[in-house]
Amino acid sequence: MSDRVTVRARVNGVEYERSVEPRLLLSDFLRQDLGLTGTHVGCEHGVCGACTVLVEGEPVRSCLMFAVQADGARLTTAEGLTPGNGAPLHPLQAAFRDAHALQCGFCTPGILMSMAALLDAPSPLSDEDIRATLAGHLCRCTGYANIVRAVRKAHGQLHR
Amino acid sequence: MASYIGERVRRNEDARLLTGRALFVDDVQLPGMAHVAFLRSDHAHGRLRGVDVEDARRYPGVIAVFTAADLGDFWQPGPLLVPPPPVPGLEFHARTQVPLARDKVRHVGEPIAMVVAESRYVAEDALALIAVDVEPLGAVGDLEAALLPDAPKVHDELASNLAARVRQQKGDYDRARADADLVVSRRFVYDRGASAAIENRAVAAAWDPKSEELTIWDTTQAPIPIRNGLARLLGLLESQVNVIAPFVGGGFGPKIMMFYPEEVLVPWAARRLGRPLKWTEDRHENFGATTQERSQVHDAEIALTREGRILGVRDVFLHDNGAYNAYGLTVPINSQCTLLGMYRVPNYESEFKAVFTTRTQVTPVRGAGRQHGVFVMERLLDLAARELGIDRLELRRRNLLSPDEFPHNHEIIFQDFAPLTYDSGDYLPAFDEAAALIGYDRFYREEQPRLRAEGRRVGLGIVGYVEGTGIGPYEGARVTVEPSGLVRVATGVGTQGQGHFTAFAQLVADALGVDVEQVRVVTGDTREFHWGTGTFASRGAVVAGTACRSAALAVRDKVVALAARLLDAAPETIELEGGRARGRGRDDASLSLGELAARANPLRGAVTPGMEPGLEATAYFGPDRGNTANGVHAMIVEVDPETADVKILRYVVVHDCGRLINPLIVEGQIQGGVAHGIGNAFYEQLHYNEDGQLLNASLMDYLLPVATDVPDVEMAHRETPSPFNPSGLKGVGEAGCIATGALFAQAVEDALGHAVEIRGIPLSPDRLFHLMREARA
Amino acid sequence: MKVTGTFLFRGPREAVWDLLQDPAVLAKAMPGAERLERTEGDRFEGSMKVSLGPVTAARFTLVVELADKAAPERFAMRIDSQGPLGFTRGKALVELTPVDEGTMMSYSSDLQIGGRIAAVGQRVIDMAARMMTEKGLESLQKELDARLAGGSRA
Amino acid sequence: MKPAPFVYFRPASLDEALAHLAEVEGAKVLAGGQSLVPAMNFRIAQPAALVDINRVAGLSSIEARADGGLRIGGLVRHRALETSAEVARHAPLVAEAMPLVAHPPIRTRGTLGGSLAHADPAAELPAVMLALDATFTAVNRMRARTIAAADFFLGLYATALEPDEILTDIAIPPLPRGAGWAIDEFARRHGDYALAGAAAILVTDDRGTCTAARIGLMSAHDRPVLAAQAAARLVGHRLSPEALADAADTAAAVDADPSGDIHASADYRRHLVGVMVRRVLARAAARASGARP
């Protein structure tokens, strides 16, 4: 077995330090080593997008990064969009609920993270822009239309 | 009193899902948990001569390795889940999947050995150390070749690869054919797809030696049958086995299959090794190990009069079972029955042969074979319309069943063993509404000619279908008002995104006069409810929903009786609203449901004779036959004649699923179903080669439609309530995907000026390119 | 998967024939073959390590058996290779015809490929087969050149 | 789908990275990892060691050169190319290509050097670099050398890069006056590898005569290739629709040598190459005529 390496990362504002194998995927690190199971794994080859998280504010596939590569980084997962249990939903999450933009909810955390990054910019956002970014995520339940509605709505609220 | 039924109520379950707090099976982590990986067959068909696991056993971090030989008496084929229906003359040979291959492997992905290790990473390392000796045998894929005398046999002890032969008929097709002015016959092919839930399957299991209980977390759509079966297999009481299907990341059918090998092996090994175990299917495994959609080849014909009246239909088809047929004949019988659609077909003759192949097992996947029947019938009508010179919409109108023909008995047997009987429907207005929404007349009068003149190839499709839904046997529910005022609902079905936590809550909230967010629904946990079957066949809302409503009404009676006694009022004057009970016209005196619950379970004194403690009731609903939802889909497409790409410009659905509980959820189901259908029709195909190898076992090459491929569906609802249940519900889960293949074929042909004839699904640009080129030649 | 084609060897047919019966040479002609040894008669065993772009270090056992030999005209070759990533199994027919410029070899192989390579490599598998065949034939020509040059020196 | 074990190195300097590559048997460079890690998860790639160059300094800048060209570090992310004002100004073809490259989370990590070294025949950036006549700098412990894009792609996933070399710089020459550019592709879904595609630069003189043409093809061959014959038919001619169609036919019939797969048979792919080249040439020609004074 290969030597272990130490990973220190700030995830959703909390500092973590763990000793891991270099081959450990970031997705498994978040889910198993940190217990942050809100990030989901659907394909482990970078296509489905369920495992998307923010690293330094940018969306990445956590199944295509080794945990050791996130050493020293600032990460955000679906759990980090709201401050804690019982806190009101982030406007993007609330818009997803209002628009019925999720069904089984498995792909949702990854989509939320990509869309959160997309919403960071105050520039106008067309449905085509939303769909082009959403095309990096597979959802088998919703048929996407309500997700587009939700993101449009959240964009309107965040950049009024 | 305000009613939640029919309201666009936001879902109760969403907050948990959106914040990452919802529990899925792969999220289960227990102290000391070990991880499982399976060695699977690379061969489609072969004799298993030996499996050497010694090196794997010695690999550091490996806890155990099991082969079929290690299972002893526990090795046995899975149960036949659905025996064949009582159709006279039916031939059926059951062969069900085995936990680990012992003598033969019969499809790529069939499990051969099970490795338990300290991590999944280590378990996969060990898989590479297992040596398997396989004597290759011929693959069986082509359905016609499979039935030839010299075909390699998937199951050696059977006479051939024939798994079943079923013939159903009504009337006398041969006579109808003799009387017909026109007979159109063609061969139609519909190829395989994957269900492709974004969550792969997973099973976690823990044996507690102190309580002697086995707890299993399973991505199943049917936790109670899993519990019952495992208890029997393991020689345990049902009360010793808890099966929990927590949040499940999409079902679409294959998660109802049981028992998957992993589903029996993981609990067995957890008990044997005394350690909690977890297996999570990876995407590559999913493409071989999770059951798949169906391929069929139909030789069909339709006989009509000159005026376009259908005299009869004959359909002879082959159905690909895959290597096993635990799900019996459900899928081909769905095809056989759904073919008749919305139409008056006086004479029908249908015969199918189900065939064993060396491919992954086929079980129901969203639509479950219905789309094949619709494809065949709608294609026949399109072809007939052209030959008769009748507008294809008009041809359909002339043959629709009229409202006075319901209930309509088609005189053949449906998958639920009951005669295929439509409960209610009103099809003509549905067609007219869809035609109006898509602008059928204007499209042909103005748009298509104008765009054609610009060199653009646009076409329109319009297709109707019925969907048998809401079948038995039964579901149950228990409703409890707790002293906190919260209402608890427990039911046996599992949930995979259909919004049961909300739809059931709406039914119960209405019955008890409480806020819908005060109703907490628990599904998929055998500790909560003992009896039930599962979520399949678009039946959750109809069957379990009706049980929830019945239980809630029984609780309501208890609430009313108790409130009447405590408020000293006549029971018929008690009103329930806003979570309180009060006598009519007596606003001063009321009791909250919470207070009533506390009073119904006193710590001192007595419960009045004839009463039960608590505000709780359990009810069951077992419909003796299913419902018939229906819909009409219409679509406008544009074909790029250079690339052969197809772009959907508009998509309209007029849908009738009886009474709507929650339009928000229903519309979501339809939009999602349409996306699934678009995948089936134009993107998704499992490409097996002649050696039985699946060539696209990844999401890189198996193309699920993405956001830029799926239009925003325009919808209209019609409601013809079902007379078979008190709320008039039908069912909606599969509706969206049933019509899409037929719709694509019709619209694309229209766009290309009928230069090509489409007889196969899925289409693809490559396929269309070749059709167009052949047409030019 | 079927791979068929022709290749013009610059050299006489007998020399090409001899070349193709030599396991050491065959090993060089199969891209990635690490070794190939005669175990009995016309049966050769060895191993190969396939490396192609992202595919690295995939090790396979390799058994090659020559059959239906009609020297110096044609022979058949059975190939059986297995490893953790899957298997390749099949048969190739080789025919040698003398032509003015040397020897025309026509080959046709029918290979079954199973396992992960088949399941996830479909986009490039035809290209890979073509490329590996070309590479192999070119290295055979090089070997032939060397032999013929050596022969003339001798 | 978990990767096999490997030895991990995370050098901070290029020298250190090159030393690991030279000394460690079976070591591979880990840049963006967006092609390598999926292959490792499938275990079809099992490198003995990874040299993670993500923290190597000096490989991540985009610099405009005095002559109007660009110098781009091998570790520059796709996302940086997509958003860079310098790239938009000096290499608009690259800017136009970026939204076609996979999806935003892939572009966050993916690097230019990684895409070129991976040399996927269906990928956009190799075809773009061929069209732009870019030059690559490859460095090992002993020396640095430059390789023209046209000499870099040798076969299926095969490049002129040696196992001990790292692609450190990509030099893009300035766009000549009167140049037009365009890229287009046909993919099954947004972000997928193209079934066929083309990227082109057309240069015209003041009279509208084509003085130079470079057309990079995607999914047309076992490697990223230039449609040299097609380009040759344009040079010296006015860019009439007939001339463009003729060049497109030549690209499909002569320059392309596609293989088939489940998504596109070889003949369909060849046809698509012609369609894409014609579309791209038409747009590039329109831009070229707009760029003329």
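Proteins come first, then strands; the chains are lettered A, B, ... in the order of their sequence lines, and each starts at number 1.
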**OP:** Using a cut-off of under 4.5 Å on heavy-atom pairs, state which of Gly42(A), Gly105(A), Gly38(A), Gly136(A) scores highest against chain B.
**Re:** Gly42(A)
**OP:** State, with a plain yes or no, whether a side-chain heavy atom of Leu704(B) is found less than 4.5 Å away from one of Arg140(A).
**Re:** yes
Original post:
So, the side chain of Tyr144(A) versus the backbone of Gln671(B): is there a donor-acceptor pair under 3.5 Å, distance only?
Top reply: no
Original post:
Hey, are the side chains of Glu44(A) and His284(B) touching, using non-hydrogen atoms and a 4.5 Å cut-off?
Top reply: no
**OP:** Kindly indicate whether the side chain of His45(A), heavy atoms from C-beta on, has any atom under 4.5 Å from the side chain of Met700(B).
**Re:** yes
Original post:
For chain A, which of Gly20(B), Ser195(B), Pro711(B), Ala707(B) has the most heavy-atom pairs under 4.5 Å?
Top reply: Ala707(B)
Original post:
Are any of the side-chain heavy atoms of Asp14(B) and Gln93(A) separated by less than 4.5 Å?
Top reply: no
Subject >> pair Glu199(B)-His40(A): side-chain heavy atoms closer than 4.5 Å >> reply: no
Original post:
Is any side-chain heavy atom of Val148(A) less than 4.5 Å from a side-chain heavy atom of Asp712(B)?
Top reply: no
Original post:
Is there a side-chain contact between Val706(B) and Leu138(A) (heavy atoms, below 4.5 Å)?
Top reply: yes
Original post:
Counting heavy-atom pairs under 4.5 Å to chain A, which of Ala197(B), Gly736(B), Ser698(B) comes out on top?
Top reply: Ser698(B)
Original post:
Where the side chain of Gln29(B) meets the backbone of Arg31(A), is there a donor-acceptor pair that is under 3.5 Å apart?
Top reply: yes
Original post:
With respect to Cys43(A), which candidate in Asn200(B), Asp282(B), Leu699(B) satisfies the side-chain contact (heavy atoms from CB on, under 4.5 Å) definition?
Top reply: Leu699(B)
Subject >> Electrostatic pair Arg149(A)-Glu667(B), nearest N-O below 4.0 angstrom >> reply: no
Subject >> Student check: side-chain heavy atoms of Arg11(B) and Leu102(A) closer than 4.5 Å >> reply: yes
